[in-house]
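Values below: every heavy atom of this structure, side chains too, minus hydrogens, waters and symmetry copies. Below, chain A is the first sequence line, B the second, and so on; all start at residue 1.
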Amino acid sequence: MPELPEVEVIRRELDPLIRGKTFSKPCLYVASTIAHPCAEEFTNRLQGRMVKKVDRKGKYLLIYLDCGILAVHLRMTGNLIYADYSEDTVPAEEYRFLRLSMPFTDQSALHYSDMRRFGRLWLVEDEDQLASVVLKNVGPDILKGLCCENFLMRLEKRKNARLKPLLLDQKFVAGMGNIYTDECLYRCGLHPLQKVSDLSNAEKEELYRQVRQVLEDGIEYGGTTFRDYRTSSGALGDFQSRLGVYGRKGDLCRCGAWIEKITVGGRGTYICPCCQKQPQYEGKE
DNA sequence: GCTTACCTGTCG
DNA sequence: CGACAGGTAAGC
């Protein structure tokens with residue numbers, strides 16, 4: 001479900017809600033939800049821990065505790081739900097796919113629900129373990145640790161890569177997913193199968209700008225709700241109304257051409273065939 | 001690289 | 001009924 005903007009919207013909402021709260025005993029309904037350590041150790045060690053802040057790297061939500069870090073990856077359909085029982089605002093529908101409940105010592109709780117069960121949580125001891133166990137294949141966060149020079153250097157090392165698979169590679173840069181990658185390339189007028197080596201310097205710099213801009217726009221509009229995405233208080237995103245190509249096969253582009261759907265790297269991919277020209281490569285393609 | 005696997009639901 | 005879904009890891 002979520003890409004960087006959705007996780008960031010959740011982070012901004014969740015941080016003031018749970019900062020300073022202390023976890024009581026969690027209740028785990030689906031053992032596979034916990035990636036590290038084992039289920040029993042996870043619940044034992046989370047109990048009694050106090051939330052210091054909620055952070056993020058790429059698509060990982062990082063809940064810093066007075067001792068250790070709770071990391072969450074929502075994958076496709078994961079949802080974090082904040083519930084305050086003195087207000088009772090969360091609709092029962094949100095609890096259909098409940099996998100883990102993490103109550104606080106007051107009358108509130110953080111729940112994890114996940115229809116497809118792909119999402120995972122980790123509880124690690126410190127930054128070192130976070131880096132080696134959770135974030136070992138995660139590159140710089142696009143909106144945090146990535147200046148233009150760094151981005152251009154990284155592109156230089158991946159000259160032969162095609163744009164869409166590269167942007168989706170979290171080790172290259174962290175945060176882009178299927179929706180925002182398509183939107184980004186559409187805005188740049190670049191075809192997803194284009195190779196890095198064919199870009200001009202100006203196009204590379206524009207790619208850097210748009211990679212960041214499309215994510216910032218997504219955050220500004222509260223994320224994209226295509227199906228399951230909700231913020232931690234159950235709100236829907238609004239960026240879906242501002243998408244240029246994603247999910248819009250058959251619609252008209254500004255230029256008057258029909259938006260098409262193709263497959264790139266096994267992912268459904270939306271393009272304007274007029275604004276994003278198919279690259280013509282010689283030989284074996 | 002590509003394919004498969006992990007899961008469950010929805011849409012055509 | 002098959003195809004597909006916002007993600008990633010593993011195995012050719």
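- Contacts of A:Asp228 with the nucleic acid, taken as non-hydrogen atoms under 4.0 Å apart, include base atoms.
- Residue contacts for A:Arg75: at a heavy-atom cut-off of 4.0 Å it reaches a base atom on one of the strands shown.
- Phosphate proximity of C:dT8 to A:Lys59: present, with a side-chain N or O under 4.0 Å from OP1 or OP2.
- A heavy-atom distance below 4.0 Å to DNA chain C is reached by these residues of residues 164-192 of chain A, ordered by number: A:Gln170, A:Gly177, A:Asn178, A:Ile179.
- Donor-acceptor pairing under 3.5 Å, judged by distance alone, is present between the side chain of A:Arg116 and the base of B:dC7.
- Using a 4.0 Å cut-off, some side-chain N or O of A:Lys261 falls inside it from OP1 or OP2 of C:dA5.
- Counting any heavy atom pair closer than 4.0 Å across all strands shown, A:Gly119 reaches no nucleic acid atom.
- Contact check, A:Arg267 against C:dG7: a side-chain N or O comes under 4.0 Å of OP1 or OP2.
- At the phosphate of C:dG7, neither OP1 nor OP2 sits under 4.0 Å from any side-chain N or O atom of A:His73.
- Residue ring and nucleobase are stacked for A:Phe118 and C:dG7, with a centre distance beneath 5.5 angstrom and an angle between planes beneath 30°.
- Among the heavy atoms of the strands, none lies under 4.0 Å from A:Ser32.
- The side chain of A:Arg120 contributes no N or O atom lying less than 4.0 Å from OP1 or OP2 of C:dA9.
- Proximity of A:Arg227 to the phosphate of C:dG6: no side-chain N or O atom is located under 4.0 Å from OP1 or OP2.
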